[in-house]
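Down below is the structure, laid out as structure tokens.
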Amino acid sequence: MNNAQIAAKFELLADLLEFQGANAFRVRAYRNAARTIEGLSQQISDILEDESQKLTDLDGIGKDLAEKCQVLVETGELPQLDELQKKIPQSVLAMLRIPGLGPKKAAVIYNELKIATLDELKQACLDERIRELKGFGAKTEQTILNGIDLAATAEERTYWATADKLVQRLRQHLSEAKGIEQLEIAGSYRRGKETVGDIDILVTAKSPKAAMDRLGEFSELSEVIARGDTKMSIRLENNMQVDLRVVPAKSYGAALQYFTGSKEHNVKIRGIAKQHGLKINEYGVFRIEDDGSETYVAGKTEEEVYKALGLPCFPPELRENRDVLKLAEAGVPKLITVDDIVGDMHMHTNATDGKNTLEEMVNAAIERGYQYIAITDHSKRVSMANGLDSERLLEQWKAIDKLNKKLDGQILILKGLECDILEKGGMDLPDQVLEQGDWIIASVHYGQNQSKQQITDRIVGALENSNVCIIAHPTGRLINKREPYEVDLETVFQCAKENKKFLELNANPMRLDLNDVNCLAAKERGIPLGINSDAHNIEGFNVMQYGIKQARRAGLTKADVVNTRPWKKIQKMLGR
DNA sequence: GCCGTTTTCGGCCCGACTGTTTTCAGTCG
């Protein structure tokens with residue numbers, strides 16, 4: 001059992017305990033442990049075998065959880081978890097994903113009305129039966145109803161980052177199969193969508209049987225749904241479906257093109273083929289002869305498939321619902337890559353809710369070869385994160401000055417802050433303090449339920465503040481968890497443009513905010529975007545790749561992004 | 001359930017908002 005699987009078991013246990021009304025700190029202990037385990041660079045099973053190491057030395061792992069890890073590694077099961085799962089149908093956990101519905105209220109609904117699925121819950125809301133329950137009312141009922149669809153899609157879609165880790169394990173596993181010649185993952189995973197439904201694997205193989213046998217041996221498999229001569233479908237323990245298709249070499253490119261999609265992209269491609277007297281499907285590109293017969297024209301590679309249609313081979317990230325002819329005419333842009341990024345300008349330290357010290361973050365950034373980073377801890381309004389007041393902030397900035405001197409140009413540390421935009425408008429810390437910093441980020445964390453006008457006014461106010469450089473996660477959405485707040489982005493774009501300010505593409509795989517469509521809109525309006533990790537520990541730097549993926553889907557190039565430039569250039573852009 | 005320790009148990013991130021109820025529990029960030 002690998003670390004991701006162990007972490008998933010602990011997360012599930014935490015969910016179930018929470019639903020049962022267990023001690024909140026106990027629940028948190030499981031979640032903390034899950035997070036620790038997921039971030040480990042070493043496998044738990046290896047640590048167990050290594051005499052010189054102890055699991056209890058890990059952050060948040062005590063005697064009890066160390067034992068549970070051992071049981072999981074040895075048996076693949078956890079008796080306590082099995083017990084709980086027998087008592088509580090897993091479907092009720094979906095209720096916890098509805099914003100505004102926590103463990104206590106969900107338990108009341110389950111116990112009083114015997115409701116265990118989202119469908120039943122929806123019906124109960126429509127029948128106005130929820131408002132009858134003690135502690136509930138019409139408004140709560142409406143809140144639940146509004147959140148059900150979000151919770152329902154969350155059940156079906158996995159974060160790209162999570163899918164990516166799974167894909168890497170699958171690739172590793174299949175690389176040991178005999179007889180696989182070519183292998184690629186198609187579908188929304190390949191297009192880099194924010195969330196992925198299922199995994200489509202495409203292979204050419206000397207022996208399809210050997211390839212399928214190998215897939216059937218995957219350690220995370222829970223059942224084989226179907227298996228034929230060319231296609232096999234399995235379900236994994238995490239409920240995700242994986243399809244394996246074996247195609248002949250002369251159709252590999254066509255199949256890859258076809259199964260990568262998107263559906264809309266393929267519809268357009270088929271139309272273009274038709275105009276050329278061609279037909280395209282998953283087997284290849286065919287010319288329709290006068291007598292109605294079909295001649296194979298291309299299909300071995302994607303490049304030759306697109307070429308046969310007179311088109312450039314679009315990067316998968318650009319195959320959403322776009323005007324392909326216009327894109328081809330303008331020339332496919334040279335999309336940004338992770339190597340173009342020279343600095344990270346949004347991160348936290350243990351002064352607030354980060355895990356690592358200032359020095360640790362800086363060293364990790366040096367190791368990554370960044371030219372500069374901005375330390376941007378929370379301001380005091382974010383009390384749960386131990387946000388900084390003026391005094392503590394100025395102290396931190398002093399420490400940064402000192403560290404910069406000591407490092408002597410190895411890296412530049414910018415004095416930053418993620419300053420809250422207050423509910424009533426205005427910044428959380430006074431201008432006399434903010435003006436002493438290098439890089440002030442402004443964020444909305446509270447009052448997300450305000451009206452469109454209120455929220456837009458708050459953000460516009462921040463953009464008009466001369467100390468503010470950039471707005472972080474401008475719509476506040478959390479994928480699968482929370483809808484974006486109401487904000488008039490067009491007004492925000494206008495205001496950012498007029499004040500020469502930037503907007504953020506937050507690389508956290510749960511945020512990726514701005515989304516691809518809004519990133520493109522910002523690009524078209526000439527507003528530079530900062531792609532930042534929002535790291536809360538040194539591992540957090542790694543999420544930059546997800547932000548880049550999203551940027552590529554928006555068609556962004558190096559020139560569209562702030563932190564591909566040296567700090568001096570950025571200062572100039574800000575008019576400083 | 002973890003952690004640190006006055007080595008046996010109390011604190012753990014805590015303040016504000018919302019919708020309920022009529023003084024507060026639940027939820028969120």
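Everything numeric in this text was worked out from a predicted model, so none of it was measured. Chain letters run A, B, ... following the sequence lines, proteins first, then strands; residues in each count from 1.
Distance L101(A) CG to dC28(B) P: 8 Å, rounded to the nearest Å. Atom OH in Y446(A) sits about 10 Å away from atom P in dC17(B), given to the nearest Å. If you measure from atom CZ of R381(A) to atom P of dC13(B), you get 19 Å, rounded to the nearest angstrom. Across the protein-nucleic acid pair, F136(A) atom CZ and dA25(B) atom C1' stand 11 Å apart, rounded to whole Å. When the C1' atom of dC17(B) is taken as reference, atom NZ of K139(A) falls 13 Å away, rounded to whole Å. Rounded to an integer number of Å, the gap from H378(A) NE2 to dC14(B) P is 16 Å.
Distance noted for atom P between dG11(B) and dT18(B): 31 Å (whole Å). Distance noted for atom C1' between dT8(B) and dG1(B): 16 Å (whole Å). Between dT20(B) and dG10(B), the distance separating the two P atoms is 37 Å to the nearest Å. Taking atom P in both dC12(B) and dC17(B), the straight-line distance is 23 Å, to the nearest Å. Taking atom C1' in both dT21(B) and dC14(B), one finds a spacing of 24 Å when rounded to whole Å. dC28(B) and dC13(B) are spaced 13 Å apart, taking the C1' atom of each and rounding to whole Å.
Side-chain N/O atoms of Q123(A) and D127(A) include a donor and acceptor closer than 3.5 Å. S222(A) and E237(A) form no side-chain donor-acceptor contact under 3.5 Å, judged by distance and modelled atom types alone.
The ring of H473(A) has its center closer than 6.0 angstrom to the ring center of H445(A). Here Y546(A) and Y159(A) keep their ring centres 6.0 angstrom or further from each other.
At the heavy-atom level, R482(A) lies under 4.0 Å from the strands shown only through sugar-phosphate atoms. Nucleic acid contact for K380(A): none, since no nucleic acid atom lies under 4.0 Å from a heavy atom of the residue. Residue-level contact check: L58(A) touches the backbone only, with heavy atoms under 4.0 Å from sugar-phosphate atoms and none from bases. The residue A138(A) sits close only to the backbone: its heavy atoms come under 4.0 Å of sugar-phosphate atoms, none of a base.
For D513(A) (side chain) and N515(A) (main-chain N/O), no donor-acceptor pair under 3.5 Å exists by modelled atom type.
A cation-pi geometry, defined here as NZ or CZ lying under 6.0 Å from the six-membered ring centre and within 45° of its normal, holds between K105(A) and F136(A).
Between G135(A) and N23(A), the residue anchored nearer the 5' end of DNA chain B, judged by the nucleotide with its closest heavy atom, is N23(A). For the pair M384(A) and T140(A), both in contact range of DNA chain B, the more 5′-proximal nearest nucleotide belongs to M384(A).
Looking at the side chain of K105(A), the nearest of the listed nucleotides dC13(B), dT27(B), dC2(B) is dT27(B). You'll find that the side chain of H445(A) is closest to dG29(B), out of dG29(B), dC13(B), dG1(B).
With both pairing distances under 3.5 Å, dT8(B) is matched to nothing as a Watson-Crick or G-U wobble pair.
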